[in-house]
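Lettering follows sequence order; numbering is per chain, from 1. Note that the structure is predicted; figures quoted are calculated from it, not measured.
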2 protein chains.
Amino acid sequence: MVIKELENKLKEKDIRPTAMRLLVLEALSGQEAAISLSDLEKAFEKSDRVTLFRTLKTFQEKGLVHSIDDGTGAPKYALCEEGCECNIERDLHVHFHCRVCSETFCLPKYKIPEIDLPGMFIGEEANLVVKGVCGKCAD
Amino acid sequence: MVIKELENKLKEKDIRPTAMRLLVLEALSGQEAAISLSDLEKAFEKSDRVTLFRTLKTFQEKGLVHSIDDGTGAPKYALCEEGCECNIERDLHVHFHCRVCSETFCLPKYKIPEIDLPGMFIGEEANLVVKGVCGKCAD
DNA sequence: TTAAAAATTGCAATGGCTGTGCATCGGGTT
DNA sequence: AACCCGATGCACAGCCATTGCAATTTTTAA
C-alpha cells in the first residue's frame, strides 16, 4: 500500500505521520521539479499556508527535504535523494532554473566544483544555480 | 575634481547625472562589499526608498552595476569592474557571502567553471555564491 | 529668455512572501 | 476517562519589491 510507504518514510526520519504530512510528502514525491510554498498552497487549497510552511520546515529539519534558493525570491523544496548530504555537509549539488516554466530541478549528479578562495575567505557552503531553458520548454 | 569623475562615469553609461545619482554612485564607489537597497536607505536617511530603488534599477539597466542574489532575500548591488560583462553575457564571477557580518563581496577574478549539463538543459547564466566567513570576521 | 516636454523624484499604497502568537483540536499515554 | 503535547488554523506583523500618481526638476524647443 502506498500510504504505508509514505508513512514509513516519515517514521524513518522521526517525523510523526499526520494526514497533512502524508499529503505533502505525496505531493513532493510526485514532482520532478522542486516546488515552492506557494505551489503547495495552490495544490492544497483547503489547507492553511502556515501549516504547509511548518510542515516543510519540519521536513527540512529532519533531513527529508532540502530547500533551494533559485533567485526567484521564494525558496523551493525538493525531496532529498538517497545520497543527499544536504544537512550533513555543504549542499553540493547544482540546481537548474528554467526561465520559461520557472521550474527548478535538482541535478544531484552534478557537484559544485571546489573553488580556491583568496586566503582571507573561509568557504563553508556554496549554492550554484544555473539558469536557462529546460528540455520541456526548449522544443 | 572628484564630482567630475563621477559625472563622467555616469555620462559614459548614458545616464543623466543628477544629484541623487552622483551620491549613490559615490556611496557604491566607497564600498568594498556589495550593498543592498536597505543599506543604501540607511546611508541616505533623507531620501526615499523608491528613488534609491529606481536609481539602482537604472544603473543596472545601463550596465553600471550588477545585482547579486546572495540568498539573504534582498538583492545586493556592486559596481561593475573594468572587464565586467555582466550585461553582455552571463554573469561569470563568484560572490562570497560572510555569515558573520552578512557582507557580500565580488570575486571578479574567480570565474564560475563551465558545467556540462544534461542534454535537455540549456544553460544561459549561472549564479554561484559561496558562504562562509570573511577575513575581517575570522581573526 | 520663456514655454512646453520629458525625465526624475517623493509620497502613498499594494501585493507577495516569511515568520510569530495564540487559541483550538486531536492523537497517544498513563 | 483525564491529561498532555504536538499539530493545526487563524490573525497578524514585518520586510521586501514594485506601481500609480502628483509634484518637482531638468532638458528641449521656440
Side-chain angles (χ1 to χ4, degrees), chain A residues 3-4 6-7 9-11 13-28 34-62 64-78 97 102 104 127, chain B residues 3 6-7 9-11 13-27 34-62 64-78 97 102 104 127:
Chain A
I3 300 227
K4 276 292 170 201
L6 296 174
E7 258 189 61
K9 214 160 184 175
L10 289 179
K11 283 178 184 167
K13 297 286 184 178
D14 202 33
I15 304 170
R16 285 173 55 185
T18 68
M20 203 61 245
R21 290 170 177 173
L22 287 171
L23 287 172
V24 172
L25 177 57
E26 189 186 23
L28 283 167
I35 63 182
S36 69
L37 180 55
S38 297
D39 294 335
L40 256 191
E41 198 186 6
K42 281 167 204 151
F44 296 91
E45 294 207 357
K46 302 311 282 178
S47 185
D48 188 60
R49 183 184 186 85
V50 181
T51 301
L52 296 172
F53 167 72
R54 280 193 268 236
T55 299
L56 288 173
K57 192 177 173 187
T58 302
F59 283 8
Q60 194 176 351
E61 283 164 357
K62 299 292 187 177
L64 185 59
V65 306
H66 62 267
S67 79
I68 308 146
D69 180 4
D70 60 9
T72 56
K76 295 216 168 78
Y77 302 87
H97 178 74
S102 290
T104 300
N127 181 37
Chain B
I3 299 230
L6 296 173
E7 258 189 60
K9 214 160 184 175
L10 289 178
K11 283 178 183 166
K13 297 286 184 175
D14 202 34
I15 304 170
R16 288 168 56 183
T18 68
M20 202 62 245
R21 290 172 177 172
L22 288 171
L23 286 172
V24 172
L25 177 57
E26 189 185 24
I35 63 182
S36 69
L37 180 55
S38 297
D39 294 335
L40 255 191
E41 198 185 7
K42 281 166 203 151
F44 295 92
E45 295 208 357
K46 302 310 283 178
S47 185
D48 188 60
R49 182 183 186 85
V50 182
T51 302
L52 296 172
F53 167 73
R54 280 193 269 236
T55 300
L56 288 172
K57 192 177 172 186
T58 302
F59 282 8
Q60 193 176 353
E61 283 165 357
K62 299 292 187 178
L64 184 60
V65 306
H66 61 268
S67 79
I68 308 146
D69 180 3
D70 60 10
T72 57
K76 296 218 167 78
Y77 302 86
H97 178 75
S102 290
T104 300
N127 181 37

Under 3.5 Å, N/O pairs linking protein and nucleotides 19-25 of chain C:
| from | atom 1 | to | atom 2 | distance (Å) |
| --- | --- | --- | --- | --- |
| C:dG21 | O6 | A:Arg54 | NH2 | 3.3 |

Students often get this wrong, so: under 4.0 angstrom with heavy atoms, is B:Ser38 touching a base, only sugar-phosphate, or nothing?
sugar-phosphate
With A:Leu23 via side-chain contact (heavy atoms from CB on, under 4.5 Å) - residues at least two apart:
A:Glu26, A:Phe44
Protein-nucleotide distance (A:Asp39, atom CG; C:dT18, atom C1'), rounded to Å:
15 Å
Here the distance between atom C1' of C:dG27 and atom CD1 of A:Ile15, to the nearest Å, is 18 Å
In whole angstroms, the gap separating P of C:dT8 from CG of B:Leu56 amounts to 14 Å
Between A:Ala74 and B:Thr51, which is nearer to the 5' end of DNA chain C once each is assigned its nearest nucleotide?
B:Thr51
To the nearest Å, how far apart are A:Lys76 NZ and C:dT18 C1'?
15 Å
Smallest separation among heavy atoms of A:Arg16 and A:Arg21, with atom names:
O-NH1, 3.0 Å
Is any side-chain heavy atom of A:Lys76 less than 4.5 Å from a side-chain heavy atom of A:Leu37?
no
Who pairs with B:Lys11 by salt bridge (Lys or Arg N to Asp or Glu O under 4.0 Å), at least two apart in sequence or on another chain?
B:Glu7
Looking only at non-hydrogen atoms, find the nearest pair between A:Asp69 and B:Gly71 and report the distance.
OD2-CA, 2.8 Å
Within the 4.5 Å heavy-atom criterion, are A:Ser47 and A:Glu41 side-chain neighbours or not?
no
Would you mind reporting whether A:Thr72 and A:Thr104 have side-chain heavy atoms less than 4.5 Å apart?
no
Outermost DNA chain D nucleotides near chain A [under 4.0 Å, heavy atoms]
D:dG6 to D:dA11
Find out whether A:Lys9 and A:Pro17 are in side-chain contact, i.e. whether some heavy atom of one side chain is under 4.5 Å from a heavy atom of the other.
no
Heavy-atom check, side chain of A:Leu10 versus side chain of A:Leu64, under 4.5 Å:
yes
What pairs with A:Arg54 under salt bridge (Lys or Arg N to Asp or Glu O under 4.0 Å), at least two apart in sequence or on another chain?
none
Any B:Gln60 side-chain heavy atom under 4.5 Å of B:Leu56 side chain
no
Near DNA chain D, which residues from residues 18-26 of chain B have a heavy atom under 4.0 Å away?
none
